[in-house]
Trainee: 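The structure follows.
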Amino acid sequence: MRFMLLALLLTGASASAEPYHLIPGRVPLDWQGPDGNTIILDAPKGLIVFDTGRSPMHAQAILDYAKQRHRPIAAIINSHWHLDHTTGNADIRTAYPQVKVYASTAIEGALVGFLNKGRAQVDKMLADPKTSDGQKAQLLRGRHRVDHPDTLRPTNPIVKTARMTIAGRPLDVHLAKFAATEGDVWIYDPKSRTAIVGDLIVGIVPFMDTACPDGWNKSLGDIAAIPFTTLIPGHGPIMSRADFNGWRTAYDNFVKCGRSSADKKTCVDGWVRDAAKFIDDEHRGYVRAAADYYLTTRLRSSPEEQQFYCKPLKAS
Ligand SMILES: [Zn+2]
């Protein structure tokens, strides 16, 4: 027993005992916007980084971890193209130019629509004297990525659900079409029974900005069919299977309420009640405002608008 421990100590200098390393993304209440969670996995050819955050601090934390481990970053997997999950790609690619980027091709539709519209908004804010220097720096960082879309595009597009070998490590890679975005990627590690699902689960409130609610619902069914015991959401703390089931019920209730004739306050109250376990006091006001916004824009808008993200955004 003692020898085994010694052997572990000797060989374990740069090995990771945990099945994954989590760099939690923050959800600040001011202009900064959230960082998605980053999950780092070990692989034979180096580290695999699942989502890269938005802020320079978050990207730096990823680079620092790789340095501390004395391992190169071999691959990035992006759960989806939202900038709170992809902005750090460029920082990592600067440090590790050989890195392979695995993501869906949904970025192409985003570039012609959502991100293009967002860019005009960014220019307006940059011209506004009320915008702080800190905020300007963040806006310019995001605009740079939109202006150089190769920093967001996959080098290795994920086009279907399959077992893939990434950086020498086999992983079950799932593609959820028309869910939180046109193409959401999530992975399952059978060895540790961990599902890493990006924004298909966000504890405090589903970020429905580019969502197709029914496709999203279907993807939750696909996740439920996998025998995971641990689930890492796109934002917020790690969940158990029971947590996932609770969140899924809250999601279904919210969408159902949104489509009923119940008043909006009832639906917002319902979300805050059903998802109470995942909402801390600090974020309660933020969550109420976000839930109200998604009811208006995604669940109570015109039928065309409600279906807007349920079809390809760019003709291929
Ligand atoms: Zn996100």
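Counting convention: from 1, in listed order, for ligands and their atoms alike. If you read the sequence from its start, that first residue is 1, and numbering goes on from there. Just so you know, these numbers come straight off a predicted model, no measurement behind them.
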Trainee: Counting only heavy atoms not in K311 (residues, nucleotides, ligands), do more than 12 fall under 6.0 Å from its NZ?
Mentor: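 Yes.
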Trainee: For the residue pair H21 and Y65, categorise the inter-ring angle as parallel (less than 30°), tilted (30 to 60°) or perpendicular (more than 60°).
Mentor: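 Parallel: the ring planes of H21 and Y65 meet at under 30°.
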Trainee: Let me confirm one number: the NE2-NZ distance from H174 to K160, rounded to the nearest 0.5 Å.
Mentor: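 The NZ atom of K160 is 13.0 Å from NE2 of H174, to the nearest 0.5 Å.
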Trainee: So that I know where these two stand, are H58 and H85 an aromatic pair - ring centroids less than 6.0 Å apart?
Mentor: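 Centroid separation for H58 and H85: 6.0 Å or greater.
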Trainee: Using a strict cut-off of less than 4.0 Å between a Lys/Arg side-chain nitrogen and an Asp/Glu carboxylate oxygen, indicate whether D64 and K67 qualify as a salt bridge.
Mentor: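 K67 and D64: not salt-bridged.
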Trainee: Taking the six-membered ring for Trp, are F254 and Y294 closer than 6.0 Å centroid to centroid?
Mentor: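 No, the ring of F254 stays outside the 6.0 Å limit from the ring of Y294, centre to centre.
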Trainee: Strictly under 2.8 Å, how many protein N, O or S atoms lie near the Zn ion (ligand 1)? Waters don't count.
Mentor: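 With waters ignored, the protein N/O/S count below 2.8 Å is 4.
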